[in-house]
Amino acid sequence: MKELKGCPFCGSSRTAVRFNDSRSGKRFYYVSCEVCGSRTRGEAVNVNDSLDQERIDIAKDRSIASWNQRTVSADA
């Protein structure tokens with residue numbers, strides 16, 4: 001699993017991969033900041049199938065990649 005960058009909004013390093021389960025049988029993995037509450041959108045894994053570790057790892061990696069993505073300003 002990739003390392004998380006600090007929060008792009010408040011600069012905190014207190015970030016983590018988390019998940020929520022939905023009533024529709026999906027588990028959504030996302031990254032959030034414990035300080036300001038910003039977060040990525042969830043990457044879904046179907047919980048009704050056996051929770052395949054490979055699918056979980058892919059969902060976590062996609063969430064981390066989304067969190068770590070930064071834009072470069074035009075002035076840079």
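On a predicted model such as this, the values are computed, not experimentally measured, just so you know.
Among all heavy-atom pairs drawn from Gly42 and Tyr30, the shortest one is CA-CB, 4.2 Å. The shortest non-hydrogen separation linking Lys60 to Tyr29 is CE-CE2, 3.6 Å.
Distance check: Ser38 OG to Trp67 CH2 gives 3.5 Å after rounding to the nearest 0.5 Å. Atom CG of Asp52 is separated from atom CG of Asn46 by 11.5 Å, given to the nearest 0.5 angstrom. The CZ atom of Phe28 sits 9.5 Å away from atom CD of Glu43, with the distance rounded to the nearest 0.5 Å.
In summary, Lys5 and Glu3 do not engage in a salt bridge, as defined by a charged side-chain N under 4.0 Å from a carboxylate O.
Among the candidates Ile58, Leu4, Val31, the single residue satisfying the side-chain contact (heavy atoms from CB on, under 4.5 Å) test with Ser63 is Val31.
Not one N or O on the side chain of Ser66 forms a donor-acceptor pair closer than 3.5 Å with the backbone of Arg62.
Take Gln69 and apply the side chain to side chain contact (heavy atoms under 4.5 Å, CB included) test, not counting sequence neighbours, and it matches no residue.
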Below 3.5 Å, can you tabulate the donor-acceptor pairs from side chains in residues 12-22 to any protein atom, sequence neighbours excluded?
unit_1, atom_1, unit_2, atom_2, d
Ser12, OG, Arg14, N, 2.9
Arg18, NE, Ser32, OG, 3.2
Arg18, NH2, Glu34, OE2, 2.9
Asp21, OD1, Arg27, NE, 2.6
Asp21, OD1, Arg27, NH2, 3.4
Asp21, OD2, Arg27, NH2, 3.1
Ser22, OG, Ser24, N, 3.3
Ser22, OG, Ser24, OG, 2.8
Ser22, OG, Lys26, N, 3.2
Ser22, OG, Lys26, O, 3.2

